[in-house]
Amino acid sequence: MADAKFLKFDTQTLHAGQQPDPATGARAVPIHMTSSYVFQDTDHAAALFNLERAGHIYSRISNPTVAVLEERLAILEGGVGAVCTASGQAALTLAILTLMDAGGHIVASSSIYGGSRNLLAYTLPRLGITTSFVHPRDLDGIRAAIRPDTRLVFGEVLGNPGLEVLDVPAVAAIAHAAGVPLMIDSTFTTPYLCRPLAHGADLVMHSCTKWLAGHGVAIGGVVIDGGTFDWEASGKFPTLTEPYAGYHGIDFAEEYGPAAFIMRARAEGLRDFGACMSPMNAFQILQGVETLSLRMKGHIHNARKIVGFLETELASDKGAVAWVSYPELVDHPDHALAARLLPHGCGSIISFGVKGPGGGRDAGRRFIEALSLFSHLANVGDAKSLVIHPASTTHAQLEAAALAASGVGEDMIRLSIGLEDADDLIDDLKQALRAAAKG
Amino acid sequence: MTQPSFLVHGHPVYAHTGGRPFDPSRPVAVLLHGAGMDHTVWSLQTRYLAHHGRSVLAVDLPGHGRSGGAPLDSIAALADWVVALLDAAGVAKAALIGHSMGALVALDAAARRADRIESIVLMGAAERMPVHPDLLASAAAGDPSANDLVIGWGHGPRGHTGGSAAPGLALIPGGRRLMAGITPGVLGVDLAACNAYATGATAAEAVGCPALVVIGALDRMASAKAGRALASRLKMSQIVTIKQAGHMMMTETPDATVEALRGFLDLRRV
């Protein structure tokens, strides 16, 4: 008997979620720039509003172009469904507000994107949702931080910017033992490198702006439902397991089974909070997703060459490199875990320390200002190589202790390795390191 | 909303009513899912039916989803169970809408209990639905590869590449998750019941009520040809062939499936 046949990853990056346009035969995904959709008749209108029939009503809630991206990303991650949002931050907010009300509590990795940390540490407490931060390697600490009111455990596969690798299967087991789902921000790894749902996570989110898009022209986010978490058995999620007066008394778990979370996220979250993705952005991000595999191979190839170069510099007495962090290095604390979770590569973010006269902060400034191919900006995952000094930018809101807890030193430089010729990138780094060392 | 609860043969039965309270005095439609599945496969039909004049019971068959008891090991036993459900729900006569294994159940019930069945809708059905011995064995053993085979073969090209009618939902992963949730071994019991059902042809010839056969043109589990052959044995049958659908027409082509039901059951908004 033959095995089951499903389309492979590379094929899905190009085809998933789309049929050629039935109206025109267009092979590319059309950009449906429309706010709303004509109803066939009054019965059709009522059926759409009442979730009797599938279809589009208003582009804040769903849009055909955005839906292709949503379905494609859901399939690439192995999830039952997805909702695309205006940004990665909107995806995180939507997921949290779908899961919990005031009084809810989150246990989060302390090594996460600075914007996510701001949301969790400063903004959500205004709504009565609080977060305990735990170092991603401290599994006992994560277990101990879970309380009766905890509704979510949250982390990143690769910590930002410290590149700690989260032991997703172990953290998932801890969360599940407490009746709580695990959500992973998988922006740094993309489904090409890691599919967290296959490792036990229940929800996945991305900033699509980064590697999924790759071109740096569009902001967007997505939250993907693995359909794995048993909301009813947990008993902690009335938004998913009790009738919702705001939508015809629907009990989402009963009505939609494994798709309960993602249906509520759309029916309530997009409808009411409204942080939807525009069709144009969805189209632009789709262009990136179509080349995801090719680009990720290039990112990994270049990242490995740059790491090799930085290691050589580190070994040199006269070099300006103080340390290098990349999970494929044998001295990285998570090397073995990375080999298990990220067999195709550990992404294209490299952190390293720069040293020179005046200390790490001054040396870092000289280094960044001397670069010419690397662009100094607040983004990662572009096809072009990028650089930033986290302590003064993405993580600048953090106080000293939180900065240290996030693994951010004043000398830390974060590189996002692009798809240029690696030799050109190395030449640029070489001359900038010389500038840093000179003072 | 709170769903009604019934006891059949001493076990609780879960039935989704499509967002309207169940009223046995109105025309009733009972929806019967296929092997290894549950009522959620009808998500895009139940609410429509319930708001268009039908009192709906989208059931979880015994041992499936939220219903108790053990899975029943023959199509005849499942058909008897459906009649017992009608008794428990206080329903004199109902339309049965079945998919795959559920269609065989509807067929068998209509053939033997004409007094209780008003009409039948058979989706993804054939008079014989043999199952490969290796699949039977792996399903009986609770091997997840059996689920994948059912989901892989159960979807046509549209299901595999996507283009879901429900924005943002992914059909293949959704099907895999649904089947991953069933109790190991239940699929094996279901498939064995389908495989052993040898009286589909005579049952079809015995059916006296109106019947609709819904065929997925790209169905690889119950071919279009087999669907037409089944329809030819039914005295009062109509055929609707859905061009883009595989076996899972309710999720692959939900609108076309609703349209087929609307025409046959004369559904009107109430």
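First the proteins, then the strands, lettered A, B, ... as listed; each starts at 1.
Heavy-atom distances place both the backbone and the side chain of B:L169 under 4.5 Å from chain A. For B:H160, the parts sitting under 4.5 Å from any heavy atom of chain A are the backbone and the side chain alike. Contact of B:H39 with chain A is made through the side chain alone, with heavy-atom distances under 4.5 Å.
Counting heavy atoms from C-beta on, the side chains of B:P254 and A:R53 never come closer than 4.5 Å. The shortest distance between side-chain heavy atoms of B:Y48 and A:L51 does not fall below 4.5 Å. The shortest side-chain heavy-atom distance between A:D43 and B:H52 falls under the 4.5 Å cut-off. Contact of the A:N50 side chain with the B:R47 side chain is registered, since non-hydrogen atoms from C-beta on lie closer than 4.5 Å. Considering only heavy atoms from C-beta on, B:Y14 comes within 4.5 Å of A:E254 through its side chain. For the pair A:E52 and B:Q45, the minimum side-chain heavy-atom distance is 4.5 Å or more. Using a 4.5 Å cut-off on side-chain heavy atoms (C-beta onward), A:F6 and B:R176 make contact.
Between the OG1 atom of B:T40 and the CD atom of A:E255 there is a distance of 10.0 Å, given to the nearest 0.5 Å.
Within residues 266-282 of chain A, the residues having any heavy atom under 4.5 Å from a heavy atom of chain B are, by residue number, A:R266. Within residues 9-26 of chain A, the residues approaching chain B closer than 4.5 Å by heavy atoms are, in numerical order, A:Q12, A:H15, A:A16, A:G17, A:Q18, A:Q19. At a heavy-atom cut-off of under 4.5 Å, chain B is reached by A:S62, A:A67, A:E70, A:E71 from residues 62-71 of chain A, listed in order of number. Proximity to chain A at a heavy-atom threshold of 4.5 Å picks out B:V258, B:E259, B:R262, B:R269 from residues 258-270 of chain B, in numerical order.
Side-chain atoms of B:R177 never come within 3.5 Å of backbone atoms of A:P258 as a donor-acceptor pair (strictly under, hydrogens ignored).
Of all the heavy atoms in B:G168 and A:A74, the pair that sits closest is O-CB, 4.5 Å. Nearest approach of B:A170 to A:I75, heavy atoms of both residues: CB-CG1, 3.6 Å.
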